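All values derive from a computational prediction rather than experimental measurement.
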2 protein chains.
Amino acid sequence: MVKNRADVEQGLPRSARGRARRAAILDAAGLLVGRRGYDGVTLRDIATAAGTTHPLLLHYFRTKDELLLAVVDTWRERAEDLGFGRDDDLDTVPERVVRLAEQNAATPGYIALFTTLSSAASAPEHPLHDHFTERYRTVLEGLRRYFRHAEATGGLVPGVDPDAAAQSIVALQDGAQVQWLYAPDEVDVPGLLRGAFGRLLVDQPG
Amino acid sequence: MVKNRADVEQGLPRSARGRARRAAILDAAGLLVGRRGYDGVTLRDIATAAGTTHPLLLHYFRTKDELLLAVVDTWRERAEDLGFGRDDDLDTVPERVVRLAEQNAATPGYIALFTTLSSAASAPEHPLHDHFTERYRTVLEGLRRYFRHAEATGGLVPGVDPDAAAQSIVALQDGAQVQWLYAPDEVDVPGLLRGAFGRLLVDQPG
DNA sequence: GTCTATACACAGATAGAC
DNA sequence: GTCTATCTGTGTATAGAC
């Protein structure tokens, strides 16, 4: 079961030093996990890099998964995700998806961590399962809404199912990022996304 | 470093009982890893499920990674992959890709294991890194050859890059399988692949 | 070759003193 | 809030009986 924001913030440090230490741990975790992968990093490594000990680290983050989840959340906030949820500016969704892919490419650690966690968390017993289930649900619903809108305004290629289109875009992004981890120079994730959108949508004038 | 076939088979059991035990371990490993994920399963769990002890398991498979790699290889042989590598019958590649996706859907454990390992092994230090690098290289090259062939015979939609098309198909398959793990009833992997092929290839008569 | 028993180093996690 | 000491479980290794 994944804690919600209120639960997690209940344990936030009160003092300035505590807050600084928490931030240092978060930083070190992001750096190391990005470099060596989820399982390649130990809590002792992270604690040492942050200038502490691992029991103290566990005082701020009750479990390793909770720490990694906090790292993901930090990055997610920075990227501000896609701004799905709002119905205004629906037409700019493709641009925003591509831009997010470009931002991701600038932070390889994020991609490595996210792809690893998202497949590991597919097991129902995984501590992050609910978090990722919800995440997929939200993103897919946002894209679905966009493609339905496109269909209604004649922007969708005839015969394409909006649900399938949404799933395909997410799948392409996730799968392409894995390939990118293996061969960063040969895979252009934003370009592949642009191509897929181009084949799903009818050409617009201008 | 991943062992090649000759190295691995050097340690194969000679007796009938040994062979049966090895097979039982392989079976149990496939089942449990498929259910609980790579890290969610211990060697002692697998050994118990196979009716043995973990030191004996390590007599047949020197390391946990070697065991999991053997599981992957077993399933790969059963599916016979795509038969890429041969240049005959190039036109049936799309059908074979879709058929493989259908076979995969029948063995959920394989998908769970493969998606988990393929992202975990993207870290260069991972014991299975070379194996998966080679695997991606082979599959991508086969698909690239197909799309080049399609381009030469006028079967490829104008403006589509054969390399990008190959990467997109693999990305779609991998990404869709992850979504399928989260929501098996809502994601139709073979259907998504059929759709993607349809948008990349010009309609054929008949 | 097959199998049991045991030991080790390291991981994540806890208890409790200050 | 912080730190020391400690626990349990994991992958791995080895010694030696049959």
Quiz item: Should T63(A) be listed as having a side-chain N or O under 4.0 Å from OP1 or OP2 of dA13(C)?
Solution: yes
Quiz item: Rounded to the Å, how far apart are R36(A) CZ and dA11(C) P?
Solution: 10 Å
Quiz item: Separation of L56(B) atom CG from dA15(D) atom C1', in whole Å?
Solution: 15 Å
Quiz prompt | Atom-pair distance (CG on L58(A); C1' on dA11(C)), nearest Å | solution = 11 Å
Practice problem: Determine yes or no for a side-chain-to-main-chain donor-acceptor pair under 3.5 angstrom, with T42(A) supplying the side chain and D45(A) the backbone. | Solution: yes
Quiz item: Rounding to a whole Å, what distance do you find between K64(B):NZ and dC10(C):P?
Solution: 18 Å
Quiz item: Is a side-chain N or O of T107(A) found less than 3.5 angstrom from the main chain of Y110(A), in a donor-acceptor match?
Solution: no
Exercise. Starting from the C-alpha separation in whole Å, work towards a yes-or-no answer on side chain to side chain donor-acceptor pair (under 3.5 Å) for S119(A) and S119(B).
Key: CA-CA 8 Å; S119(A) 60; S119(B) 58; 2.9 Å; yes
Quiz item: Considering only heavy atoms and no angle criterion, is a donor-acceptor pair shorter than 3.5 Å present between the side chain of H54(B) and the base of dT10(D)?
Solution: no
Quiz item: OP1, OP2 of dT2(D) versus side-chain N and O of R17(A): anything below 4.0 Å?
Solution: yes
Quiz item: For the ring pair H126(A) and F132(A), is the centre-to-centre distance below 6.0 Å?
Solution: no
Quiz item: Closer than 4.0 Å, any side-chain N/O of Y60(B) to the OP1 or OP2 of dC3(C)?
Solution: yes
Quiz item: Hey, is the side chain of T53(B) poking within less than 4.0 Å of OP1 or OP2 on dT4(C), counting only N and O atoms?
Solution: yes
Practice problem: Round to the nearest Å and state the distance from I46(B) atom CD1 to dG9(D) atom P. | Solution: 18 Å
Quiz prompt | Separation of atom CG in L57(B) from atom C1' in dA5(C), rounded to whole Å | solution = 16 Å
Quiz item: Below 4.0 angstrom from OP1 or OP2 of dG1(C), is there any side-chain N or O of R21(B)?
Solution: no
Quiz item: Can you find an N or O donor on one side and an acceptor on the other, under 3.5 Å apart, linking the side chain of R44(A) with the base of dG12(C)?
Solution: yes
Quiz item: Whole-Å distance between dC3(D) P and H59(A) NE2?
Solution: 11 Å
Self-check item: Residue P55(A), side-chain heavy atoms: nucleotide from dT4(D), dA13(C), dA13(D) that is nearest
Solution: dT4(D)
Quiz item: Do the rings of Y182(A) and H129(B) sit parallel, tilted or perpendicular, given the 30° and 60° boundaries?
Solution: parallel
Self-check item: Separation of atom CG in D39(A) from atom C1' in dG11(D), rounded to whole Å
Solution: 13 Å
